[in-house]
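Notes follow the structure.
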There are 2 protein chains.
Amino acid sequence: MTHERQKAIARNSLLIRSLPEQHVDALLSQAIWRGYGRGETLFLQEEKAQAIHVVIDGWVKLFRMTPTGAEAVVSVFTRGESFGEAVALKNMPYPVSAEAVTACEVMHIPSSVFLSLMRRDPEIGISILASTFGHLHSLVAQLEQLKAQTGAQRVAEFLLNLCDGGDGTCEVRLPYDKMLIAGRLGMKPESLSRAFARLKDAGVTVRRNHAEIADIAQLRDYAESDPAESWSKG
Amino acid sequence: MTHERQKAIARNSLLIRSLPEQHVDALLSQAIWRGYGRGETLFLQEEKAQAIHVVIDGWVKLFRMTPTGAEAVVSVFTRGESFGEAVALKNMPYPVSAEAVTACEVMHIPSSVFLSLMRRDPEIGISILASTFGHLHSLVAQLEQLKAQTGAQRVAEFLLNLCDGGDGTCEVRLPYDKMLIAGRLGMKPESLSRAFARLKDAGVTVRRNHAEIADIAQLRDYAESDPAESWSKG
DNA sequence: CCCGCGACATGACTATGGTCAAGCGCACCA
DNA sequence: TGGTGCGCTTGACCATAGTCATGTCGCGGG
């Protein structure tokens, strides 16, 4: 991938796109561009944040290690998504660790660059708040899912997000391996297998990393139905 | 409560305290002060946000209603805590609803006030980002808890937060009713009862809204132990 | 080409927590 | 003072998901 292509992707990222046009070139030219191999660490929980990160290509996961060694996946980002905005600007310690789950390209914008620009144009702060609000929102959505849905329903929503829009049939490719999907959805790989099995009679067929949804509307019904009544239809 | 006392509490709130001194009076004088009765709604999910909210007294819960009518409590705020920062400044729809769970006093700062001040002093944007980061962080912590701990362990951590510091014995008052505690911790009231029962042999005695912790260090151990090994000690 | 490893599926068993129903105690109120 | 309602607890039962063990498939290395 050429650097020009990388810059084009960066410009199109949610974060950069919402910034005032005139500052974008300055930011991009001061960014640090780096590739990571699968499994490589971007940063560790408790480390002091010094940059905002924009994924250019590949997949990055954010996760927490519990005291007992279990890993809780908080989110998974790909091309055009950014993270670490709020923490970088306050020079605080990261609440999560970040790791490349596939080989990937990441742009790092040093927080000092952002800060000095921000002092000249307050609109930039507002843009960053918008990004941060997006993360807040997605965490709230995850919380709701964990508290109010069964595993199979969370998998259903995950699939729906992959093909969003329309309500006919649809084929999607699972973007990363099932171990990670399971973690992202708060379950063990075994449970994910069983959740897929259960989704068979909601019209979902999974083979390898390839899922076929017979009827999106039907699957959406399943995802939002009351867990208590699903068994009665079994 | 006098208005002077209310202003003093507001000045001491996490949000206001982190703002540059010289703008505080201007902000406070333009704020809207209001009391709410138990059960009263502050705002509804999907409503457009037009203010930042600071709790002066009492308790406020943020929650989401799922399509099926179940309620997922996202957070519970009290004196000195604020919410809605990021969403207000972007004039976005609230991702959650807010309701007074006790009679309470709330200060509302119209987002227009904040915005105009922010355009004059970019430091304010940074302060707000700090608050927002705090919320982000607490949501991440909740996610980790839900994904990696049993109900009883979440209750243990909840108790530990109420008496934090030290490692001897400790008595705490449960700040709101058990229905709400259960919701906040992602379980049903019945499960909360059983969780308390289970904590008896971790040295916790609960009577009414009053909990006695025999040994904080022991309880901390319990909260962080591997769920898989807890039964073997049964 | 076969071996072996790791991802994934499946089965058996268990623990955790939700649901339903019954019962208790405390507060509010006529 | 004796309802009456609600918050809370308890027990029985069951669905959901974690654990452990076993088996299969696909892929890369020797």
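Below, chain A is the first sequence line, B the second, and so on; all start at residue 1. Excluded from the calculations below are hydrogen atoms, water molecules and symmetry mates; all remaining heavy atoms, backbone and side chain alike, are included.
Using modelled atom types, one side-chain atom of A/Q153 and one backbone atom of A/Y222 make a donor-acceptor pair closer than 3.5 Å.
Atom pair B/Y176:OH and D/dC6:P shows a separation of 23 Å (rounding to whole Å applied). Distance A/N209 CG to D/dC27 C1': 14 Å, rounded to the nearest Å. D/dA17 atom P lies 9 Å from atom CD of A/Q153, rounded to whole Å. Between A/L185 atom CG and D/dA17 atom P there is a gap of 11 Å when expressed in whole angstrom units. A/L192 places its CG atom 7 Å from the P atom of C/dA9, with the value rounded to the nearest Å. Remark: C1' of D/dT9 and NZ of B/K200 are 10 Å apart, rounded to the nearest angstrom. In this structure, B/L146 atom CG and D/dA17 atom P are separated by 14 Å, rounded to whole Å. Rounded to an integer number of Å, the gap from CZ of A/R38 to C1' of D/dG28 is 14 Å.
Side-chain atoms of A/Q142 and A/K147 form no donor-acceptor pair, as typed in the model, at a separation below 3.5 Å.
In the set D/dT19, C/dG18, D/dA17, D/dA17 carries the atom at the smallest distance from any side-chain atom of A/S191. The side chain of A/R198 lies closest to D/dA17 when the candidates are D/dC8, D/dA17, C/dC8. Of the listed nucleotides (D/dG7, D/dA17, C/dG18), D/dA17 has the atom at the smallest distance from the side chain of A/T150. Checked against D/dT9, C/dG18, C/dT10, the side chain of A/S193 finds its nearest nucleotide in C/dT10. Among the nucleotides C/dA7, C/dT19, C/dT10, the one closest to any side-chain atom of A/R194 is C/dT10. Listed nucleotides C/dA27, D/dG18, C/dC8 differ in distance to B/R208; the shortest reach to its side chain belongs to C/dA27.
A salt bridge links B/D177 with B/R38; the closest basic N to acidic carboxylate O contact falls under 4.0 Å.
Aromatic pair A/H53/A/F77: ring centres not closer than 6.0 Å.
The side chain of A/K188 places no N or O atom within less than 4.0 Å of a non-bridging phosphate oxygen (OP1 or OP2) of D/dC20.
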Side chain to side chain donor-acceptor pair (under 3.5 Å) between A/T78 and A/E81, intermediate numbers included: CA-CA 6 Å; A/T78 188; A/E81 297 174 324; 5.6 Å; no
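Residue A/M179 is the one, among A/M179 and B/E190, whose nearest nucleotide of DNA chain C lies closer to the 5' end (criterion: closest heavy atom).
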